Every structure is written in structure tokens, then in C-alpha cells.
Amino acid sequence: MKKTLLALAVLAAAGSVNAAEIVKNDSGSVNFYGQIREAMTYSHSNDESKTAADAGSSRAGINASWKLTDDLNLIGKAEFGIVSSMKSRQNWIGVSSDDYGSLYVGRTALLADDVYGAEYSWYYGISDKALYDTDLANDYFYQDNAINYDFIKDNYFVRAQYNLAEKDSAAKQASIFVGSTMGDLSFHSGIVYFENNTTTTSQAANATTGVVTETSTKNDTESLSTEVTVEYKLDALTLGATYAHINRTEGNTDNNSNGYNLGAMYKLSDATTVYGGYQYVEMQDKSNADIQNSYVGVSYRPVTWALTYVEYGYNDTESAAAVNALAVGARVYW
């Protein structure tokens with residue numbers, strides 16, 4: 001489950017409320033944060049069933065902020081995975097100001113994913129094509145050469161990201177999002193431009209001779225995504241909708257899509273929330289294999305640092321067999 005527009009975007013910018021303080025004094029602070037994710041999943045498709053354990057994207061990291069002047073801070077983050085390896089997820093440094101916002105550079109996650117949309121699942125919701133480009137949802141989620149700017153206030157925000165291509169050694173990505181809250185109504189909109197002219201190298205061994213042949217392929221992908229999200233909160237009920245159009249070209253082939261996302265959450269109590277959503281992706285490519293994805297679940301969060309959930313998911317893609325799935329998961333935060 002992602003942040004619900006403005007309110008949790010502000011919370012994320014401030015850091016985890018459960019982070020452990022390593023250093024804190026008048027000059028600044030260093031906090032150690034993280035989360036452990038685990039889920040047991042069951043799926044059934046085409047008369048075949050599968051059960052698996054999934055550690056998801058468990059991670060840990062350090063947030064640092066040091067005062068340079070009364071209104072200027074030096075900030076930084078180093079985050080790494082803690083599942084099978086300690087591979088770097090994010091690593092950046094910058095400056096922040098209450099009056100002028102934050103500017104930071106380095107390896108960061110995709111901004112479009114941080115802003116996100118009306119997708120309220122903990123496990124079976126999708127972002128690929130439903131919210132942004134398929135390459136950004138998969139191989140190019142992390143932006144290695146990113147310049148980021150955040151200007152976040154109580155009732156509005158402006159956020160931007162630009163990833164340097166560095167002579168086509170990396171994919172270029174540029175995005176900007178704006179959002180606002182007016183009473184119980186929140187909205188945001190953004191555009192994401194993606195261009196991949198990198199060269200992919202693969203190796204294959206001849207089955208008879210064992211000779212390894214190396215093949216280089218020049219990527220030629222360009223996409224422009226536009227997205228609009230509206231969210232309305234009425235007491236314990238939250239309703240959200242996101243529309244995303246992706247204009248994508250691979251070589252001389254168009255692979256466009258329209259994503260429609262509807263979601264709802266209802267707090268039964270301070271700790272218990274029921275939620276559900278429906279996502280429809282209309283594909284405008286050779287396959288025309290439209291995607292329908294839905295989920296419904298209940299989460300229980302008795303304390304800020306832990307939660308559990310049970311979620312059912314159903315995915316029906318025209319080019320594949322439909323999938324029924326169930327996940328029982330837990331997360332621990334610090």
C-alpha cells in the first residue's frame with residue numbers, strides 16, 4: 001500500500017517516525033530505519049497451484065540531516081536491501097530548506113512510484129502500465145544518475161526528477177508532479193518522459209562446441225506518460241481514482257496504453273482497515289491484450305511499527321490464463 005497522496009508524502013519526506021536515532025544534537029541527526037516484509041502466497045492458474053514465501057523488498061538505511069545555517073541543511077540517505085544481498089537501493093546527498101525545498105543528487109527510486117496513485121493494495125496491485133511505463137516498473141526503477149527537487153508544503157507540493165543519460169550509458173528519465181489538498185479532496189498530476197538508447201549485451205554458449213558468443217543490441221525505446229489522481233476522504237472512507245495514458249514507441253512500433261484505477265479504503269477502527277481496488281489497462285499494441293486486475297483485503301496495524309494483512313487478488317490478462325491468488329503478510333518497521 002502506497003502513500004495516500006499529500007498527507008503521507010509529507011510524512012515520507014520527514015522520515016520514518018519509528019527510526020532509531022544514532023546521533024541527535026543541535027547540529028543535526030542521523031537515523032537508522034528499515035522494514036522487514038514477509039508474505040506467504042498461494043496462487044492458482046490453469047489447474048496449477050503454487051505456494052511460496054516472499055521476503056519482498058525488505059530494506060534498511062540511514063537518513064542524515066546536518067544544519068548548515070538557520071534555514072539550510074545538508075541531507076543524505078543510504079539504503080540497501082536485506083533479503084538475499086545488501087545491494088544498494090538508494091544513495092544520495094543534497095541540501096534542504098524550509099523556504100526553498102530540497103535538492104539532492106545520486107541514486108534514487110523512481111519519483112512516479114513515490115508519488116504513485118489510487119492503488120491501495122499491500123501485495124497484488126500493479127503499477128506496470130496501470131500507472132507508468134513498463135520499463136520504469138521493472139528494469140529501470142532505480143535512477144542511478146538522478147537530480148531531484150522536492151517542494152512540499154502543508155497543502156500542496158511540487159516534485160521533479162531528471163536522470164542523466166551520460167552518453168547513453170543509462171536511460172534518460174524526466175518527470176514532474178504537482179499536487180494539492182483542499183479540505184477532504186486531494187489530487188495530483190504529472191508527466192514522465194523515458195528514453196532508452198543504451199546497449200544491452202548478452203552471452204550465449206553453443207550447445208555443441210561450448211563457444212561463447214556475445215551479442216550487443218541497441219535499445220530504441222521512448223515513452224511519455226501522463227497521470228491524474230483524485231482522492232476524496234469522508235470520515236473513515238477514502239475513495240481514489242487514477243487515469244494514466246502511456247504513449248510508448250519501440251523502434252517503429254507503437255505500444256500505447258490507457259490505465260484506469262479505482263480504489264477504496266475504510267477504517268473499521270484505529271487499527272483495522274478494509275480495502276479493495278480494480279485496475280483496467282487498455283492495450284493499444286499488436287497484441288491488444290487488455291489487463292484486468294482486482295484485489296480486496298483487510299489490514300491490522302495495532303502499533304505504528306507493525307502490521308499484518310490478508311489479501312485476495314485476481315488477474316485476467318487476455319494473452320494469459322487468469323490467476324487467483326491469496327497472500328498473508330506482515331511488516332515490521334523501525
Side-chain angles (χ1 to χ4, degrees), residues 2-16 19 28-31 33-34 57 59-69 71-81 87-117 127 131-133 135-154 156-166 169-180 188-196 198 223-227 229 244:
K2 292 289 182 178
K3 295 172 280 293
T4 55
L5 295 184
L6 186 64
L8 290 186
V10 174
L11 177 62
S16 173
S29 63
V30 178
N31 296 321
Y33 70 91
S57 55
R59 81 289 300 264
I62 295 173
N63 269 324
S65 177
W66 296 101
K67 183 177 293 187
L68 298 175
T69 68
D71 187 49
L72 190 64
N73 297 307
L74 178 67
I75 57 174
K77 173 184 280 191
E79 183 179 285
F80 51 89
K87 185 177 180 180
S88 173
R89 291 167 54 91
Q90 300 191 66
N91 185 28
W92 54 259
I93 192 169
V95 292
S96 68
S97 164
D98 291 338
D99 293 333
Y100 301 106
S102 301
L103 179 67
Y104 48 102
V105 297
R107 177 180 168 86
T108 65
L110 180 69
L111 174 60
D113 186 79
D114 199 34
V115 176
Y116 217 58
S127 58
L131 296 175
Y132 44 78
D133 186 87
D135 283 346
L136 293 173
N138 296 286
D139 294 337
Y140 296 93
F141 179 83
Y142 288 105
Q143 308 297 299
D144 289 327
N145 317 303
I147 303 171
N148 298 266
Y149 175 72
D150 298 337
F151 188 75
I152 301 174
K153 292 298 183 179
D154 290 341
Y156 69 94
F157 68 83
V158 178
R159 305 185 66 185
Q161 183 179 68
Y162 181 74
N163 193 63
L164 302 172
E166 295 194 347
S169 64
K172 181 190 297 182
Q173 185 266 140
S175 54
I176 184 168
F177 288 85
V178 296
S180 181
H188 76 249
S189 182
I191 58 174
V192 182
Y193 175 76
F194 174 74
E195 181 182 336
N196 185 10
T198 62
S223 71
L224 181 66
S225 307
T226 56
E227 175 266 343
T229 294

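Nothing fancy with the numbering, it's 1 onward along the sequence. Everything numeric here is computed off the predicted structure, so don't read it as measured data.
Neither side chain, Q90 nor S88, offers a donor N or O lying under 3.5 Å from an acceptor on the other. Between D133 and S223, the side chains place a donor N or O and an acceptor N or O closer than 3.5 Å (distance only, hydrogens not considered). A donor-acceptor pair shorter than 3.5 Å cannot be found between the side chains of Y149 and R159. For the residue pair N63/Y33, the side-chain donor-acceptor check at 3.5 Å is not satisfied. Between S102 and D150, the side chains place no donor N or O within less than 3.5 Å of an acceptor N or O (distance only, hydrogens not considered). With 3.5 Å as the limit, one finds a donor-acceptor pair spanning the side chains of Q173 and Q161. Judged by distance alone, the side chains of N196 and T198 do bring a donor and an acceptor atom under 3.5 Å apart. Side-chain atoms of Y193 and S175 form no donor-acceptor pair, as typed in the model, at a separation below 3.5 Å.
With a 4.5 Å cut-off on side-chain heavy atoms, F151 and F157 do not count as touching.
Taking Y162 as the reference, nothing meets the ring-ring contact (aromatic ring centres under 6.0 Å, His included) condition, with sequence neighbours excluded. For Y104, the ring-ring contact (aromatic ring centres under 6.0 Å, His included) partners two or more places apart in sequence, or in a different chain, are W92.
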Residues D135, F141; criterion side chain to side chain contact (heavy atoms under 4.5 Å, CB included); working and verdict: CA-CA 8 Å; D135 283 346; F141 179 83; over 6 Å; no
What verdict does the side chain to side chain contact (heavy atoms under 4.5 Å, CB included) test give for L136 and Q143, after you've listed the backbone C-alpha separation in whole Å, the side-chain angles of each residue and the deciding distance to 0.1 Å? CA-CA 9 Å; L136 293 173; Q143 308 297 299; 4.0 Å; yes
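Listed by first and then second residue, the salt bridge (charged side-chain N to carboxylate O under 4.0 Å, His left out) pairs that reach into residues 92-105 come to none, sequence neighbours excluded.
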